[in-house]
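A short worksheet on the structure shown next.
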Amino acid sequence: MAKSLLFTFLGLGLTLLKDHQSTYEARLNAHREVEPVQPPKCKLVKGIESGSEDLEILPNGLVFISAGLKYPGVKSFEPDKPGKILLMDLNEDDPTVLELKITESKLNLSLFNPHGISTFTDEDNTMYLLVVNHPNMKSTVELFKFQPEEKSLLHLKTIRHKLLHSVNDIVAVGPEHFYATNDHYFVDSYLRSWELYLGLAWSNVVYYSPNEVLVVAEGFDFANGINISPDGKYVYIAEILAHKIHVYEKHANWTLTLLKSLAVNTVIDNISVDPVTGDLWVGCHPNAMKILYNSDSSPGSEVIQIQNILTEEPKVTQVYAEDGTVLQGSSVAAVYKGKMLIGTVYQKALYCEL
């Protein structure tokens, strides 16, 4: 009798595990393939070989690029080299990248591991660059002042807080004020893996300022990219394993209220916002299983454009898609004057004319 009960419970457990495995694969779009979609003129950016996970294009055409990310479970072509911040000028006929020197820094630059980035320009035109950093796989936010004449970054401050425990991306709303996504609830790698597999949806979004830090949104299945509308009224959050972009209204006290959610048929990563049109440009993973588990087959790339997201009928357009032959693991895309720049988690970057 005892053996019979044991095998019954074992059978039920295996059945539940099998059912959950299929749900897990669906969250990762594990069986999705894409047909190629490509603008007529695209070329790889010289000087980027180890990732361009996040990027931000300034109104003058300069681009900050976060390069060299090491992230648990994800491939790295330069695992023993520190990450870096690159600068690019889209006004050039054949844009190339320059590594920005970091000055007056108390950072251990050998452990510099940049992830999400965001800029803020003050009233006196001082430009600040905020960078998510993972030294020894921990989470900090580094505050820099951009020095355009010297083409360098002056390190001003390292920000740490117990609520900023697993930061993925940020959007700056002041020199030391920002919203940040935590992509996991747990810090321990073993617990993180179970959190991901079980789809616990415990990740969140935090508002940080020197005087106040609070959780402003929660209940996400891997919160990832975050950005803000050109008028500063709405915050966009990517919930990647639910395949949704959430639109929140931002209030004067920095709290957020959910207005709507848009479902898309892809695993969304970073969100860029066109400052002119307000359109969202999103780097996506057609099949996240291939990138999160370092698959032998190349992870593909995809970019979508979302127009009129605040209306009842937003328009979603697939702008770029391919199987990884050219570009592996697209994580971000942004546009400037008819040009598009696509970054990747660990590989190259692509420059296209639209």
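Just so you know, these numbers come straight off a predicted model, no measurement behind them. Nothing fancy with the numbering, it's 1 onward along the sequence.
Contact annotation: the side chain of F178 never approaches that of F120 to less than 4.5 Å [non-hydrogen atoms, C-beta and beyond]. When side chains are defined from C-beta on, Y320 does not count as touching Q318, because their heavy atoms never get closer than 4.5 Å.
With hydrogens and angles left out, the side-chain atoms of Y71 and E53 include no donor and acceptor closer than 3.5 Å. Using modelled atom types and a 3.5 Å distance limit, the side chains of N29 and H285 yield no donor-acceptor pair. Defined by atom type and a distance below 3.5 Å, a donor-acceptor pair is present between the side-chain atoms of Y197 and Q21. Between the side chains of R160 and S139, no donor N or O sits under 3.5 Å from an acceptor N or O. A donor atom on one side chain and an acceptor atom on the other are not found under 3.5 Å apart for N113 and N133. Counting only N and O atoms by type, the side chains of D183 and S203 include no donor and acceptor under 3.5 Å apart. Using a 3.5 Å distance cut-off with no hydrogens or angles, the side chains of T277 and D279 do pair a donor with an acceptor. Under the 3.5 Å distance criterion, with hydrogens and angles disregarded, no donor-acceptor pair is assigned to the side chains of E78 and S76. A donor-acceptor pair shorter than 3.5 Å cannot be found between the side chains of T317 and Q305.
Under the 4.5 Å side-chain contact rule for hydrophobic residues, I271 and I228 do not share a cluster. No chain of hydrophobic side-chain contacts below 4.5 Å, direct or via other Ile, Leu, Val, Met, Phe, Trp or Tyr residues, connects I65 to V74. Under a hydrophobic-cluster definition in which Ile, Leu, Val, Met, Phe, Trp and Tyr are linked whenever side-chain heavy atoms come within less than 4.5 Å, directly or via other members, Y351 and L55 are assigned to the same cluster. At a threshold of 4.5 Å between side-chain heavy atoms, the hydrophobic network of Ile, Leu, Val, Met, Phe, Trp and Tyr places V276 and I57 in two separate groups. Both L28 and V264 are assigned to one and the same hydrophobic cluster, defined by single-linkage of ILVMFWY side chains at heavy-atom distances under 4.5 Å.
To the nearest 0.5 Å, the span separating CD on E353 from NZ on K339 amounts to 7.5 Å. For the atom pair CG (L214) and OH (Y208), the distance works out to 12.5 Å, reported to the nearest 0.5 Å. Put simply, CD1 on I237 and CD1 on I226 are 4.5 Å apart, with the number rounded to the nearest 0.5 Å. Put simply, CG on L280 and CD1 on I309 are 5.0 Å apart, with the number rounded to the nearest 0.5 Å. How far CG of L87 is from CG of L98: 6.0 Å, rounded to the nearest 0.5 Å. Note that the CG atom of N91 and the OH atom of Y336 stand 4.0 Å from one another [nearest 0.5 Å].
Here the closest heavy-atom approach between residue P95 and residue V45 is recorded as O-CG1, 4.5 Å. Among all heavy-atom pairs drawn from V332 and S272, the shortest one is CG2-OG, 3.8 Å. Listed here is the closest heavy atom pair of D169 and G225: OD2-CA, 3.5 Å. Residues I48 and Q347 share a closest heavy-atom pair of CG2-O, 3.8 Å. When all heavy atoms of P314 and L262 are compared, the closest pair comes out as CG-CD1, 4.2 Å. Closest of all the heavy-atom pairs between N204 and A223 is O-CB, 4.0 Å.
Judged by distance alone, with hydrogens and angles left aside, the side-chain atoms of S52 form a donor-acceptor pair with the main-chain N or O of T344 at under 3.5 Å. Between the side chain of S330 and the main chain of S301, no donor-acceptor pair closer than 3.5 Å is present. Between the side chain of N287 and the backbone N or O of A30, at least one donor-acceptor pair lies under 3.5 Å. E322 places a side-chain N or O within 3.5 Å of a backbone atom of V326 that can act as its donor or acceptor partner. Under the 3.5 Å distance criterion, the side-chain polar atoms of S229 are matched with a main-chain donor or acceptor of K233. In terms of modelled atom types and a separation under 3.5 Å, the side chain of N182 and the main chain of L163 share a donor-acceptor contact. Judged by distance alone, the side chain of K70 and the main-chain N or O of G68 form a donor-acceptor pair under 3.5 Å. A donor-acceptor distance shorter than 3.5 angstrom exists from the side chain of H134 to the backbone of K138, with no hydrogens or angles considered. Side-chain N or O atoms of E99 include none that pairs as donor or acceptor with a backbone N or O of K84 at under 3.5 Å. Side-chain N or O atoms of S66 include one that pairs as donor or acceptor with a backbone N or O of H115 at under 3.5 Å.
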Hey, mind stepping through V141 and I170 against side-chain contact (heavy atoms from CB on, under 4.5 Å) and telling me if it holds? CA-CA 9 Å; V141 174; I170 54 176; 4.1 Å; yes
For K145 and E150, run salt bridge (Lys or Arg N to Asp or Glu O under 4.0 Å): C-alpha distance rounded to whole Å, both residues' side-chain angles, the deciding distance at 0.1 Å, then the answer. CA-CA 12 Å; K145 176 183 175 182; E150 296 87 349; over 6 Å; no
Test side-chain contact (heavy atoms from CB on, under 4.5 Å) applied to H31 and E25, step by step: CA-CA 8 Å; H31 305 291; E25 291 176 358; 3.0 Å; yes
Please assess E302 against T266 for the test side chain to side chain donor-acceptor pair (under 3.5 Å), listing each intermediate value before the final yes or no. CA-CA 8 Å; E302 184 175 21; T266 188; 2.7 Å; yes
Which is it for I117 and V132 under the side-chain contact (heavy atoms from CB on, under 4.5 Å) test, yes or no, and what are the steps along the way? CA-CA 6 Å; I117 62 175; V132 177; over 6 Å; no
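A salt bridge is defined here as a Lys NZ or Arg NE, NH1 or NH2 lying under 4.0 Å from an Asp or Glu carboxylate O, and E49 with K348 meets this definition. A salt bridge links K46 and D94; the closest N-O separation between the charged side-chain nitrogens and carboxylate oxygens is under 4.0 Å.
Ring geometry for F186 against W202 counts as tilted: the plane angle lies between 30° and 60°, on a 0 to 90° scale. In this pair, Y207 and H177 present their aromatic rings tilted. The plane angle is within the 30 to 60° band.
Just one of V131, L86, L58 meets the side-chain contact (heavy atoms from CB on, under 4.5 Å) condition when paired with F64; it is L58.
Between F146 and Y128, the gap from one ring centroid to the other reaches at least 6.0 Å. Aromatic ring centres of H246 and F220: separated by under 6.0 Å.
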